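Inspection log for the structure reproduced underneath, given as structure tokens.
If you're wondering where the values come from, they're calculated on a predicted model, not measured in any experiment.
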Amino acid sequence: MTTQTSINGDPETAPIATPRRPPSVFRSFGSLFGSSNGVNRRLTPPQGVNGYVEFGNPERTGRTLGTFAGVFSPVALSMFSALVFIRVGFIVGNAGLYVTLLQFFIAYMILLFTVASVCAISTNGAVEGGGVYFMISRTLGLEFGGSIGTLFFLANVVGCAMAITGCTEAMMSNFGPEGYFANFIADGTWWRFLFCTIINTSMLIVCLIGAALFAKTSVLILGIVTVVLLSTYISFLAVNEMTLHLYCCTVTKCFVFASMGSAMIRKPGDNTLLPNLTNLTYTGLSADTLAGNLYSHYGQDYTSDGKTVDFATTFGVLFAGVTGIMAGANMSGELKSPSKSIPCGTLSAVAFTFVAYVILAFLMAFTTPAITMQNNYLFLMPINFWPPFIAIGILTATFSTGLSNLIGSSRILEALSKDQVFGSWLNFVVKGTWKGNPIVAVVVSWALVESILLIGSLNTIAQVNSVLFMLSYLATNLACLGIELTGAPNFRPLFKYFTWHTCLFGLLGTLIMMFVINSIYASLSIILCLLLVIALHLFSPATQAAQWGSISQALMFHQVRKYLLMLDPRKDHVKFWRPQMLLLVSSPRSCCPLVDFINDLKKGGLYVIGHVKVGDDDDVEENKRWLLYVDHMRVKAFTEITYASSIREGVQHLIRLSGIGAMKPNTIILGFYDSEAPKDFFQTGTSPYKTDGFNISGLPDFPIRRDGETKKISVKEYVLILSDILRMRKNLCLCRHFHRLDKDFITKSKHIKYIDVWPINVFNPKTEDPFDVVSLFMMQLAVIINMLAKWKHLRLRVFLCETNNTNSSTFETHDENLPQMEIFNRAKLEQSLKSLRINADILEIEDWARDTDFSRHSRILKQFISQTEHSAEILSEENLNRSLLYMQRVNQILRERSDQTAVSFIYLAAPPKFDNPNFNELSARYIELLTELTADMPPTILVHGVSTVTLTTL
């Protein structure tokens with residue numbers, strides 16, 4: 001028999017069958033065992049929209065199985081297997097009756113909760129072929145489902161090989177050279193491989209015929225196993241020590257012999273723990289025997305080189321043997337009514353096997369001493385009133401397990417290929433389907449099983465197989481728990497007898513049992529699963545195409561909503577301030593470097609890319625194009641598109657409505673208003689953002705303004721937008737020359753060395769405070785960008801621009817004590833930088849203090865900013881020209897010091913007030929002066945901050 005096999009790794013104790021249900025093809029078998037010959041067939045829906053794959057097609061009418069043939073029989077057989085005849089005695093003999101019953105109770109509670117999860121998912125919608133893989137992939141997403149499905153496929157293949165090996169060993173034990181009943185079968189490595197191949201090929205024939213024959217075979221085998229089990233019960237009750245003594249004297253040769261009025265059972269030949277000629281007793285029904293079997297008395301396992309048995313060992317054997325609860329769910333593609341059959345069939349099979357195991361454990365404890373159960377795992381054979389019953393039971397049970405695993409692995413392979421989980425690698429599997437039966441998948445599975453059979457002894461990987469089966473059950477519990485916790489309105493399963501508590505208990509119980517069976521294999525299987533998840537996420541072509549809906553999105557929504565409600569804007573503190581950016585974009589094609597740069601500048605904060613479309617022609621596809629743009633740019637940003645009657649109105653909408661809760665933009669970023677023609681980075685040959693993905697049918701998405709075309713926004717409206725931003729108490733940044741930004745060049749170049757900060761308001765230069773709110777905000781942004789890896793090698797420079805304008809009313813006086821003032825302000829700036837923990841070089845601009853024009857033009861320049869008085873008397877042509885000359889001089893100073901600069905941050909004075917009667921002219925001059933100020937500069941950000949963003953204390 002299978003006495004050569006290890007307790008901890010024998011084929012019989014492998015995760016006894018999680019059979020995958022094949023589609024039934026041969027209609028001639030449809031009228032038997034709950035099948036249909038064409039009546040009331042339910043057509044499988046075709047492939048749905050958005051890539052949602054429904055297995056099967058309208059031509060396939062394979063839903064022919066009922067509850068008993070399609071669910072009850074496979075589940076019951078999977079939970080019985082050879083465990084019922086070989087390992088229950090081992091468990092009772094070592095753990096005792098009380099602990100055995102406790103272990104069965106715990107194991108079945110875990111299984112019951114897992115079954116509840118299976119029933120909940122399977123009754124929440126149409127479940128197609130693929131069983132566990134289908135349910136997990138449609139709930140947890142393709143990556144997780146594909147990973148579990150791949151491992152489950154391998155587990156089924158190996159499980160089939162182990163079951164075949166166990167069946168062959170049983171044949172050798174009964175009919176080999178030293179067989180119990182006959183010795184007409186030759187033994188040897190290649191003889192065993194031949195018999196394994198014959199068994200495997202017979203399974204292949206059944207699978208090729210289809211699910212209907214498999215179902216009938218399962219029902220037939222279940223009948224045989226049930227008869228054998230009943231014969232075992234009857235033998236326990238009817239055969240006592242005396243009748244056994246008389247029977248064995250006339251019928252059996254070496255199983256049992258008489259000794260002093262008691263029935264004696266010889267120890268197996270491979271049991272080297274007991275001395276030779278040691279005999280084991282069988283007492284029949286006895287109160288004394290029961291009393292001796294109530295409590296634990298752990299011994300040694302003679303099939304594992306005398307390894308000491310403990311609670312974990314017996315529980316691992318028990319649990320690994322009864323984990324075939326997915327057998328019915330895996331038949332979902334062939335069931336006439338999955339939502340009804342799966343819960344009813346699975347639960348009834350669980351109840352049936354539980355009662356059978358409990359009765360068997362009681363009878364063993366009543367009749368067989370512990371020493372016998374510990375030292376002969378096949379003691380049921382000699383005490384049966386017809387010993388060949390047990391041999392038949394073991395052979396049919398192992399055959400059923402192998403058949404289940406073979407047909408299951410083929411259906412998983414079919415599902416993986418249809419979903420394109422591994423791309424075109426498995427296309428040949430899809431093409432090899434005939435009348436709904438995946439012929440090629442069956443043959444491939446058979447070939448893999450055949451190759452594994454060449455290994456010979458599979459005990460070393462038996463526990464790995466058990467762990468992989470339970471990993472799929474863990475994932476099922478996780479899927480149901482996640483869906484239940486999200487509170488998704490569409491999760492309305494017909495099966496109501498579950499809660500998130502049952503899902504959690506099933507998940508934890510399965511996880512614990514994985515580590516009880518083998519902690520190393522459990523850890524490795526989880527790691528392998530995660531690696532497959534990552535690999536599929538990165539490389540699987542189906543990742544982007546599949547639109548099944550992932551529970552991760554629902555869970556993230558649930559958690560984000562909860563934490564957004566907890567994020568109270570009233571508790572904001574400057575200590576934890578971070579920029580939350582709203583970048584206003586006209587054409588995405590022309591601002592790719594700026595979009596990329598702001599992604600660096602956000603420092604883990606909110607980043608929203610906003611766009612205003614004038615008019616009310618709402619394009620429903622617009623948002624999708626912008627999301628594709630974000631994906632192409634690889635930035636962590638949200639997109640907001642609004643329609644308005646004017647750009648200014650749309651910007652107001654975006655500022656007010658972008659974000660949610662406490663996550664609202666605090667910094668608004670715009671491109672600069674100039675006359676330069678935009679550059680199309682999607683079409684520029686050397687651009688890192690080059691793509692043809694936004695040119696559909698020759699009509700490019702995101703059209704760009706060409707040379708000669710009129711701007712969509714006027715200078716007045718642009719300046720009004722700037723005023724609106726500051727009135728809404730938002731920080732303001734204007735970005736110019738970012739089409740020149742090349743991050744890769746900055747990273748590699750030895751010429752580009754600096755990030756510059758110019759903390760002086762050139763419209764109103766003062767020396768009282770070199771670090772006002774605007775300057776501090778500007779410095780904060782410069783420090784943030786300097787913290788990133790690609791910018792970290794650059795040195796931060798702060799320019800100290802001293803003026804002799806200490807009082808605006810005496811701007812023409814020259815301070816003779818200016819050197820002392822310079823020393824004082826430099827020390828003050830150094831102290832400020834030290835307090836803010838900013839490492840920067842301070843560079844003094846002597847030209848600023850030496851040139852009296854910088855002070856003399858202060859009053860004129862103030863007319864163009866928010867400090868403007870409502871007077872037009874100084875807006876003469878001479879003053880305007882002098883202001884432009886002044887800005888050109890300042891620009892010259894900036895450019896002379898920016899040859900090695902990557903990015904410059906410059907103080908932006910607030911724009912003129914919109915209620916000024918000269919606003920139209922002032923706004924035009926304001927933009928004109930800013931244009932002169934930043935002409936021919938490297939990428940430049942004009943910054944105006946309105947809120948405190950730094951702190952010098954803890």
Kindly compute the distance separating [atom1] ([X]) from [atom2] ([Y]), expressed to the nearest 0.5 Å.
X	Y	atom1	atom2	result
C733	M778	SG	CE	10.0 Å
T639	K624	OG1	NZ	13.0 Å
F738	T940	CZ	OG1	7.5 Å
L929	L922	CG	CG	10.5 Å
I655	N666	CD1	CG	12.0 Å
S947	Q780	OG	CD	10.0 Å

Sub-4.5 Å side-chain heavy-atom contact between [X] and [Y]:
X	Y	result
V651	D724	no
E717	S646	yes
E932	N891	no
T642	E649	no
Y563	L567	no
R897	W758	yes
W626	P588	yes
E928	L884	yes

Could you pull out all donor-acceptor pairs under 3.5 Å where a side-chain atom in residues 594-601 meets a protein atom, sequence neighbours excluded?
from : atom 1 : to   : atom 2 : distance (Å)
D596 : OD1    : K743 : NZ     : 3.4
D596 : OD2    : Y689 : OH     : 3.0
N599 : OD1    : K602 : NZ     : 2.9
N599 : OD1    : K636 : N      : 3.0
D600 : OD2    : K743 : NZ     : 2.7
D600 : OD2    : W791 : NE1    : 3.3

With sequence neighbours left out, the residues meeting side-chain hydrogen bond (donor to acceptor under 3.5 Å, both in side chains) with R570 are D568
Using modelled atom types and a 3.5 Å cut-off, is there a donor and acceptor pairing between side-chain atoms of [X] and backbone atoms of [Y]?
X	Y	value
E622	I641	no
R729	R727	no
E640	L654	no
Y629	F694	no
R797	L843	no
R578	K603	yes
K730	P665	yes
H793	I746	yes
Y673	I713	yes

Looking only at heavy atoms, which two atoms of [X] and [Y] are closest? And how far apart?
X	Y	result
I752	A902	CG2-CB, 3.5 Å
V719	P911	CG1-CB, 3.8 Å
Q683	T691	NE2-O, 3.6 Å
L582	G610	CD1-N, 4.0 Å
A909	F763	CB-CD1, 3.6 Å
S590	F681	O-CE1, 3.5 Å

With sequence neighbours left out, the residues meeting side-chain contact (heavy atoms from CB on, under 4.5 Å) with S898 are D756, T901, S904, M937, P938
- Between E896 and Q892, does any side-chain donor sit less than 3.5 Å from a side-chain acceptor? yes
(Q) Whether the S775 and D772 side chains hold a donor-acceptor pair (N or O, under 3.5 Å, no angle test) is what I'd like checked. (A) yes
Can R889 and M887 be said to form a side-chain contact (heavy atoms from CB on, under 4.5 Å), step by step? CA-CA 5 Å; R889 174 64 179 138; M887 281 301 180; over 6 Å; no
Give a yes or no on this: more than 12 heavy atoms of other residues, nucleotides or ligands lie within 6.0 Å of atom [atom1] of [X].
X	atom1	result
M728	CE	yes
L657	CG	yes
F638	CZ	no

Exactly one of I721, L722, V946, V774 clears side chain to side chain contact (heavy atoms under 4.5 Å, CB included) with L732, and that residue is L722
With L796 as partner, the option from N839, V783, L833 fulfilling side chain to side chain contact (heavy atoms under 4.5 Å, CB included) is V783
- Message: Could you go through L583 and C591, starting from their C-alpha distance and side-chain angles, then the distance that decides it, and tell me whether this counts as side-chain contact (heavy atoms from CB on, under 4.5 Å)?
- Response: CA-CA 10 Å; L583 173 62; C591 61; 5.6 Å; no
- Message: Walk me through whether R705 and K711 qualify under side-chain contact (heavy atoms from CB on, under 4.5 Å).
- Response: CA-CA 8 Å; R705 179 173 59 86; K711 282 179 171 287; 3.6 Å; yes
* Just do the side-chain contact (heavy atoms from CB on, under 4.5 Å) check on F777 and T667 with the steps written out, would you? => CA-CA 10 Å; F777 178 71; T667 304; 3.7 Å; yes
